[in-house]
Amino acid sequence: MDKVKALASQKEVVMFSKSSCCLSYAVKILLQELSVQPLIYEMDEDPDGREMEKALTCLGCSAPVPILFIGGQLIGSTNEVMSLHLRGSLVQLLKPYQNLS
């Protein structure tokens, strides 16, 4: 749990992912299109990946990946991210972290 919390606060936008997950890929593309470059942890490539999954579940995540944190706050998995995006709220949350050039 401590490792997940520490990793989630290392950058403004952090995503826990699995390299083979199509939903993780979709959220990565969405963030890219919104001009945000998150710090991405591929849990299937980390020796502590299973423990991180358990910790994310304990935090209340309904799906193991992708899990998004913004400003150190848990946003949630794909359902929460896409719901926020459809309501227009995700852009507002990400606005301070966009790399517009």
Side-chain angles (χ1 to χ4, degrees):
M1 180 82 72
D2 292 337
K3 180 175 181 173
V4 167
K5 289 181 179 179
L7 294 174
S9 63
Q10 282 190 340
K11 192 174 175 186
E12 295 84 5
V13 181
V14 176
M15 182 174 150
F16 290 88
S17 172
K18 286 188 179 177
S19 59
S20 61
C21 175
C22 61
L23 294 175
S24 293
Y25 178 76
V27 173
K28 289 174 191 174
I29 295 300
L30 173 63
L31 293 173
Q32 181 181 0
E33 289 180 3
L34 295 175
S35 300
V36 174
Q37 296 180 336
L39 181 56
I40 298 174
Y41 292 101
E42 300 290 357
M43 293 192 304
D44 56 338
E45 297 173 1
D46 189 305
D48 295 328
R50 289 206 188 273
E51 292 303 316
M52 288 192 291
E53 273 188 64
K54 289 177 187 175
L56 289 166
T57 301
C58 288
L59 288 175
C61 298
S62 58
V65 290
I67 302 297
L68 187 66
F69 286 81
I70 300 175
Q73 298 296 314
L74 172 65
I75 300 304
S77 62
T78 307
N79 287 341
E80 291 82 14
V81 172
M82 293 305 181
S83 292
L84 285 170
H85 183 55
L86 291 173
R87 290 192 310 252
S89 302
L90 184 62
V91 171
Q92 294 304 314
L93 288 172
L94 292 172
K95 191 169 277 201
Y97 313 116
Q98 288 177 319
N99 298 322
L100 301 175
S101 40

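Bear in mind that the values here come from a model prediction, so they are computed numbers and not experimental data.
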Asker: Is it true that, when you exclude Lys5 itself, more than 12 heavy atoms of the residues, nucleotides or ligands shown sit nearer than 6.0 Å to its NZ?
Answerer: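 No, because the 6.0 Å sphere around NZ of Lys5 holds 12 heavy atoms or fewer from other groups.
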
Asker: Assess the residue pair Val27 and Leu23 against the criterion (side chain to side chain contact (heavy atoms under 4.5 Å, CB included)); give the C-alpha distance rounded to whole Å, side-chain angles, the decisive distance to 0.1 Å, and a yes or no.
Answerer: CA-CA 6 Å; Val27 173; Leu23 294 175; 5.7 Å; no

Asker: Just checking Gln10: does its CD atom have more than 12 heavy atoms from other residues, nucleotides or ligands closer to it than 6.0 angstrom?
Answerer: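 Yes, enclosed.
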
Asker: Once rounded to the nearest 0.5 Å, what's the spacing between atom CG of Leu68 and atom CG of Leu30?
Answerer: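 So the CG of Leu68 and the CG of Leu30 are separated by 9.0 Å.
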
Asker: Is there a path of hydrophobic side-chain contacts, each under 4.5 Å between heavy atoms, that joins Val91 and Val13?
Answerer: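 Result: yes, single cluster for both.
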
Asker: Working to the nearest 0.5 angstrom, can you tell me the gap between Ile67 CD1 and Leu59 CG?
Answerer: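 Ile67 CD1 to Leu59 CG: 9.0 Å, rounded to 0.5 Å.
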
Asker: Only pairs under 3.5 Å count here: list side-chain donor-acceptor contacts from residues 72-80, not counting sequence neighbours, and write none if there are none.
Answerer:
residue : atom : partner : partner atom : Å
Ser77   : OG   : Glu80   : OE1          : 2.9
Glu80   : OE1  : Ser77   : N            : 2.7

Asker: Roughly how far, to the nearest 0.5 Å, is the CD atom of Glu45 from the OG atom of Ser17?
Answerer: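 Separation between the atoms: 8.5 Å.
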
Asker: Please give me the minimum heavy-atom distance between Lys18 and Asp44, naming the atom from each residue.
Answerer: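 Answer, listing the atom of Lys18 first, then Asp44: CA-OD1, 3.6 Å.
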
Asker: Are Tyr25 and Met82 grouped together when hydrophobic residues (ILVMFWY) are joined by side-chain heavy atoms under 4.5 angstrom apart?
Answerer: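 The answer is no; the residues belong to distinct hydrophobic clusters.
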
Asker: Go through Leu90 and Ile70 one step at a time and tell me if the side chain to side chain contact (heavy atoms under 4.5 Å, CB included) criterion holds.
Answerer: CA-CA 10 Å; Leu90 184 62; Ile70 300 175; 4.0 Å; yes

Asker: Within this structure, what is the CG-CE distance for the pair Leu7 and Met15, rounded to the nearest 0.5 Å?
Answerer: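 The CE atom of Met15 is 14.5 Å from CG of Leu7, to the nearest 0.5 Å.
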
Asker: How far does CD1 of Ile40 sit from CZ of Phe16, to the nearest 0.5 angstrom?
Answerer: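 Ile40 atom CD1 to Phe16 atom CZ measures 11.5 Å (nearest 0.5 Å).
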
Asker: Salt bridge or not for Lys54 and Glu51, using N-O below 4.0 Å?
Answerer: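 Looking at Glu51 together with Lys54, the answer is yes, because their closest N to O distance falls below 4.0 Å.
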
Asker: Measure the spacing between CZ of Phe69 and OG of Ser9 and express it to the nearest 0.5 Å.
Answerer: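 One finds 9.5 Å between CZ of Phe69 and OG of Ser9.
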
